[in-house]
Structure formats: structure tokens, C-alpha cells
There are 2 protein chains.
Amino acid sequence: MVRSNALTHVPWVILTLFVVASMTASAQDDMLWNSLDPENTVYLQMQDGTVVIELNPDFAPQTVAHFKRLLEEQFYRGLSFYRVIDGFVAQAGDESDIDDDPATKALKPEFEIDWPLRPTGKNDAEGWKPMSWTPVQTGDLFAPFTGFIDGFPAARDREKSGKAWLTHCPGTVAMARNDSPDSGNTDFYIVIGQAPRYLDRNLTIFGRVVWGMDVVQRIKRGPTLKNGIIEKDLDRSWIKRMRLASSVEKDQRLDVYVADTNSKGFKNMLKDRRNRSHRFFHHKPPKVLDICQVPVPARLEKQDVLRP
Amino acid sequence: MVRSNALTHVPWVILTLFVVASMTASAQDDMLWNSLDPENTVYLQMQDGTVVIELNPDFAPQTVAHFKRLLEEQFYRGLSFYRVIDGFVAQAGDESDIDDDPATKALKPEFEIDWPLRPTGKNDAEGWKPMSWTPVQTGDLFAPFTGFIDGFPAARDREKSGKAWLTHCPGTVAMARNDSPDSGNTDFYIVIGQAPRYLDRNLTIFGRVVWGMDVVQRIKRGPTLKNGIIEKDLDRSWIKRMRLASSVEKDQRLDVYVADTNSKGFKNMLKDRRNRSHRFFHHKPPKVLDICQVPVPARLEKQDVLRP
């Protein structure tokens with residue numbers, strides 16, 4: 001990710017319910033914004049607009065490499081979100097999940113990593129630096145520790161070493177699979193409802209939506225009591241195109257900037273949200289934070305030129 | 001609420017991610033479905049369909065009575081969702097929240113009740129029976145106890161007596177207000193994202209969406225960095241009509257049935273979701289439940305005759 005200080009002068013607000021609470025000047029100054037690496041950014045073009053997904057090769061190197069190959073082949077072009085349950089997930093692909101006739105060789109699970117991640121070879125070791133960890137909550141309902149790792153909501157089982165994994169929050173992008181842990185292929189899903197954290201460490205999360213969740217929320221739902229499967233083509237939302245940002249002409253790319261979750265400004269935002277000192281709060285809430293309820297601010301500098 | 005056993009023969013499924021896991025025959029038989037009381041059911045008609053809201057006069061008697069008067073006056077007809085933040089709330093009304101010129105006398109807060117609720121007068125006492133409490137989780141991140149009270153997600157502070165309140169989950173309907181606790185008027189909001197539980201006990205929750213969250217999710221979003229306020233009329237979603245079910249001709253009403261959260265079938269569903277014994281779960285999740293991640297099953301028996 002490329003750091004940019006140039007945007008830090010733009011004022012932004014903490015999202016409280018009825019109050020436009022500007023951050024203190026120092027907090028604004030301390031917020032860093034990162035531009036996205038076009039090699040790990042996906043444009044998912046739908047009827048209603050473009051969704052921008054950031055891939056995470058640190059946590060899911062094999063799955064990301066596989067997904068990029070599929071994008072190169074234009075695998076998802078003209079496929080649909082065929083299984084959509086409101087409040088849960090929107091699942092897309094060629095439905096190989098259902099007909100049990102996978103298009104590719106099954107993927108090995110990448111459910112969690114050893115923490116801290118160390119370089120595996122000589123090439124990796126050069127220029128290697130440890131991942132950042134911005135703590136959010138100790139003793140979450142589902143994990144001993146939650147926090148952000150370079151913009152991604154994550155969790156860990158121990159204070160120092162142990163395992164780390166990406167968490168199922170709204171906007172999380174993961175590979176679907178059957179019962180076997182290594183049965184993921186091409187079908188993927190996006191979380192569209194209250195975080196299904198019980199799925200953590202059971203599926204390979206390989207990305208997250210950084211822009212366009214409103215477009216994702218417009219994906220047509222299936223009948224909940226029929227497991228979300230949408231029978232009729234007309235009732236489905238279709239993928240017009242899905243490709244890597246680096247394959248798009250530079251002047252056609254979207255300039256999305258994402259708040260650096262390791263910057264002082266973001267940490268101040270966490271502090272403000274934890275303490276809720278505004279007079280609006282008649283009843284002071286417990287000083288806790290739900291990792292999936294902390295928005296990672298994002299900004300679109302250039303308009304959606306990809307919009308159909 | 002009217003109990004119906006007639007529907008219990010219809011099979012329904014637990015929503016797991018990739019598995020259509022039918023409940024055991026006994027669990028199905030034990031599921032009770034309630035029809036909605038037309039005196040406490042609201043039809044919110046939008047461009048994309050109808051949203052069905054169940055009001056809760058037990059927790060917010062004054063607010064519900066006030067809201068019903070507004071519906072009678074057709075107050076919300078032609079008003080809009082003027083403040084919509086993806087992942088947070090969609091707020092509608094006449095914008096009196098913003099211009100500080102309320103249309104009605106401000107409402108007293110109804111943030112929580114004494115538990116257990118007892119009859120207050122002679123009239124109340126006749127035929128009075130205690131509220132049901134279906135426990136979901138002890139030691140939630142935000143409350144000592146969570147559970148369902150007649151279909152509504154709720155929380156309590158003590159094991160026996162103490163306070164009880166409705167929780168901010170996706171689909172929760174509550175009155176907006178300014179800083180003062182008793183500044184609610186006519187503007188209301190619907191939670192559309194990860195549960196903002198830090199708002200619990202700070203706002204008057206008076207209903208919940210029981211059908212049509214997909215329609216709610218299609219409400220047009222505002223710019224997050226501008227606190228969600230949508231400037232242009234064309235960029236907003238408008239309320240075509242909003243009225244009490246009892247004011248609609250009987251044959252024009254929607255037949256929505258909601259699972260009885262106090263029935264054995266529902267309790268079995270909670271147990272299944274807590275234990276996750278299916279072989280899909282390679283890593284067994286902690287045996288906990290997020291009150292806002294438990295769907296209360298609902299069924300629509302008669303099609304959406306109100307759809308425009």
C-alpha cells in the first residue's frame with residue numbers, strides 16, 4: 001500500500017448517530033490515507049455500480065493467486081449472485097458449489113496464519129517488515145483479541161504468538177466451499193449482514209469490500225426459507241465484469257483511498273468510539289468495541305468512471 | 001399476537017452457510033408461528049416494495065401511541081429517507097431533527113423498562129401475564145444477559161429484577177433525537193448495518209422490521225463523510241405511504257407469520273446454532289450467540305398485494 005499524506009487536510013467526521021462530530025484538528029492531521037495497490041484491487045461491475053475489493057495475499061496467498069488467474073480469464077463475467085440471504089451473505093459464481101462439478105482444482109484452506117508471520121525464504125526476507133496490529137478489543141465474544149491488520153478486521157488467540165485470522169464482518173469476501181475444508185473452487189461470497197463470526201477460521205477470507213457496499217446491498221435476495229437460492233435468471237443480479245485494477249487503463253481506474261488503521265488518527269477514532277464522551281450519551285455505553293462495527297473510512301477521489 | 005399451529009407442517013431450514021440443514025422432525029413440529037396484530041403492524045410502502053414493521057407497545061407505549069397518531073394523519077406520506085449511512089442507519093421523516101423545528105411535542109424517553117414488568121392499574125391487571133424471556137447469551141460484550149422477548153431482541157442487566165431494554169440490531173426501528181433525551185419527535189430510523197449496540201438504552205426503540213429488509217437495504221445511501229445527509233431529492237428514496245395494517249382492508253393485508261421465540265422449535269434452533277455440530281465446522285466456533293445474528297424466521301403466506 002502506498003501512503004499518502006496529501007489527503008489528510010480533508011476534514012472527516014466520526015459517525016455518531018445524530019451528531020456531526022468533527023475530530024480534533026490533531027486527530028485529522030494524524031490520519032493517514034493509503035491508496036490501493038492495483039495488483040491487489042478488484043473492480044466488480046454490477047448493474048448498480050462498481051464495487052471495489054481489496055485482496056489480502058498475506059493471509060490467503062494461494063487463494064489470491066488463484067482468484068487473479070480466474071479474473072484474467074474473465075471467469076466471472078456474465079455469472080450471477082445465485083444464492084443471496086438477506087442479513088447473511090451474497091454468493092456468486094458458476095454454481096459449482098451446488099452441482100458438485102468444480103471448474104478448477106480445489107483450493108487448500110487458508111483459514112489462519114501463524115502469528116507473527118515471518119519470512120519463509122530468502123526472497124521474502126529482503127525488505128520484510130512485520131505486519132501492523134492495531135488492537136480493538138480484548139475478550140471479544142468470539143476471540144481473545146481483535147484488531148486491525150493493515151485495514152483488515154482480524155482476531156488472534158494469544159497475546160504474543162499463536163494464530164491470527166481475518167474475521168467475518170460486513171464486506172468480507174471469502175471462498176465458498178462444501179463440507180471438506182479443501183473444497184473451495186471458484187464460488188465466492190460477500191458478507192451482507194450482521195457479522196457471522198462463527199464462520200471465522202472455517203473459510204478462506206481473501207479480501208474485503210473497501211468501496212461500494214451500497215451496490216452490494218442492492219444485490220437481489222433469494223428466499224431465506226429456500227437457503228437463498230434464486231431459481232429464475234430474471235430474479236438474479238448479474239456480474240457485468242470483474243477484473244483486476246492493474247488490467248484497467250490508468251486513467252480509467254478509481255482513486256480510492258483507505259484510512260490507515262495503523263495511523264494515529266485512526267487510533268484516536270477508536271479511542272473516541274470506545275469512550276463516547278459526547279453529551280448525546282445519556283447512558284454511557286460499556287467501553288467496548290465490536291471489531292465489525294468499526295468503519296474503516298474510505299474516500300473516492302475520482303468519480304466512478306466504470307459505472308455503466 | 002395470535003398463535004397458529006396450522007403452519008407448523010411447512011418445513012424450514014436452519015441458515016448455515018452452505019448446507020441446507022433441515023431441522024429434525026420434532027423441532028419443526030415444535031415451532032409455533034404467530035400472526036401479527038394489525039393494530040401493531042405497520043406497512044411502509046417504498047418504490048421497491050413493502051416493509052412490514054411490528055410495533056412494541058410493551059416497551060414504548062407512549063411512542064407507539066404517538067406514532068400511530070402520525071400514521072393516522074398520513075404524516076409520513078411523501079416524506080423521504082434523508083439521512084442514510086451504509087452499514088449504520090436509514091433515517092426518515094420531515095427533517096425536523098436537522099432544522100430544529102419539531103412538528104410535534106417532544107416525546108419522553110422510553111429507553112428501558114423495569115423487569116419484570118408488572119401491571120400498573122386495575123385494567124392492566126386483568127388477564128395480565130408476564131412477558132416471555134428466551135435466553136440467548138450470558139455475558140454479551142454489551143450486556144450481562146441477552147434474549148428474546150416475544151420476538152424482539154433484548155437485553156437485561158440482572159438475573160432477576162433490574163432493567164430490560166430492546167437492542168439495536170439490523171431491522172430495529174427507533175425514534176431519532178437530538179442531544180436531550182426527551183427530544184424525539186417524528187423522525188425515525190431503521191438499523192441497516194452491523195448492530196450499533198452502543199446506542200442501547202439511549203434511544204427509544206419502538207418496533208422492528210419483520211418482513212422486507214431487502215427493500216430497506218435498497219434505500220439510497222448518502223455520503224458517509226457528510227454524515228449521510230442526501231442533498232438532492234432525486235438521490236433520495238421516498239415513502240409512498242405508511243399506515244397501520246388495521247387501516248387496510250382485510251383482503252389487502254399481508255399474511256406475515258413470525259416464529260414464536262418462546263416456542264420449543266425456536267429454542268431448539270438456538271441450541272443448534274450454539275453447538276454447530278455439523279461436519280462443515282472444521283474449527284468448532286465458541287459456544288456463544290450474538291443476539292443480533294439470530295434470525296427470527298418469518299413467512300409471507302399471501303403475496304405482496306401492496307406492491308406498487
Side-chain angles (χ1 to χ4, degrees), chain A residues 12-13 15 17-20 85-89 97 109 111 137 139-143 169-171 176-179 181 189 192-203 213-214 217-218 220-221 224-228 273 276 278-283 285-286 288 290 292-293 295 297 299, chain B residues 10 12-13 15 17-20 85-89 97 109 111 137 140-143 169-171 176-179 181 189 192-203 213-214 217-218 220-221 224-228 273 276 278-283 285-286 288 290 292-293 295 297 299:
Chain A
W12 62 282
V13 294
L15 307 174
L17 192 49
F18 309 97
V19 188
V20 184
I85 298 178
D86 185 73
F88 190 38
V89 297
D97 242 45
F111 300 164
Q137 184 63 42
D140 183 276
L141 197 56
F142 290 88
C169 292
R177 67 165 171 91
N178 288 320
D179 286 349
Y189 62 91
I192 56 173
Q194 181 75 5
R197 294 279 304 279
Y198 61 91
L199 297 173
D200 291 356
R201 310 175 84 174
N202 274 297
L203 292 130
M213 264 313 278
D214 56 330
Q217 289 294 4
R218 294 183 81 83
K220 290 180 196 161
R221 271 57 170 168
T224 300
L225 297 177
K226 284 177 184 164
N227 208 20
R273 291 178 74 92
R276 304 287 178 194
H278 196 279
R279 64 176 180 271
F280 177 84
F281 291 92
H282 171 70
H283 173 87
V288 292
D290 169 6
C292 292
Q293 217 278 321
R299 309 174 41 83
Chain B
V10 187
W12 64 281
V13 294
L15 307 174
L17 192 50
F18 309 97
V19 190
V20 183
I85 297 177
D86 185 74
F88 190 37
V89 297
D97 242 45
F111 300 165
Q137 185 63 42
D140 183 277
L141 197 56
F142 290 88
C169 293
R177 66 165 172 91
N178 288 320
D179 286 349
Y189 61 91
I192 56 173
Q194 182 75 4
R197 294 279 304 280
Y198 61 91
L199 297 172
D200 290 356
R201 310 175 85 174
N202 274 296
L203 292 130
M213 265 313 279
D214 57 330
Q217 289 294 4
R218 293 183 81 82
K220 289 179 195 160
R221 270 57 169 170
T224 300
L225 297 177
K226 284 177 184 165
N227 208 21
R273 290 179 74 93
R276 305 286 177 195
H278 195 280
R279 63 174 181 271
F280 178 84
F281 290 94
H282 171 72
H283 173 87
V288 292
D290 168 7
C292 292
Q293 216 278 322
R299 310 173 40 84

**Request:** Compare every heavy atom of B:Leu141 with every heavy atom of A:Val288, then report the nearest pair and how far apart it is.
**Result:** CG2-O, 3.6 Å
**Asked** Using non-hydrogen atoms only, which part of A:Arg218 is less than 4.5 Å away from chain B: side chain, backbone, both, or neither?
**Response**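 Both backbone and side chain.
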Contact leader toward chain B among [options], where contacts are heavy-atom pairs under 4.5 Å:
options: A:Cys292, A:Gly87, A:Gly193, A:Pro170; value: A:Cys292
options: A:Gln293, A:Arg279, A:Arg221; value: A:Gln293
options: A:Gly228, A:Gly139, A:Gly171, A:Pro181; value: A:Pro181

Find the distance between [atom1] ([X]) and [atom2] ([Y]) and round it off to the nearest 0.5 Å.
X: A:Arg276; Y: B:Asn202; atom1: CZ; atom2: CG; value: 10.0 Å
X: B:Asp214; Y: A:Gln217; atom1: CG; atom2: CD; value: 10.5 Å
X: A:His283; Y: B:Leu203; atom1: NE2; atom2: CG; value: 12.0 Å

**Prompt:** B:Phe111: what forms a ring pair (Phe, Tyr, Trp, His ring centres under 6.0 Å) with it, not counting sequence neighbours?
**Reply:** A:His282
**Prompt:** Quick one: what part of B:Pro196 sits under 4.5 Å from any heavy atom of chain A, side chain, backbone, both or neither?
**Reply:**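 Both backbone and side chain.
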**Donor-acceptor contact present, side-chain B:Arg177 to main-chain A:Phe280, <3.5 Å** = yes
**Asked** Between B:Gln194 and A:Cys169, is there a donor-acceptor pair closer than 3.5 Å when you use the side chain of the first and the backbone of the second?
**Response**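 No: the side chain of B:Gln194 does not pair with the backbone of A:Cys169.
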**Request:** Could you list the residues that satisfy side chain to side chain donor-acceptor pair (under 3.5 Å) with A:Asp200, not counting sequence neighbours?
**Result:** A:His168, A:Arg197
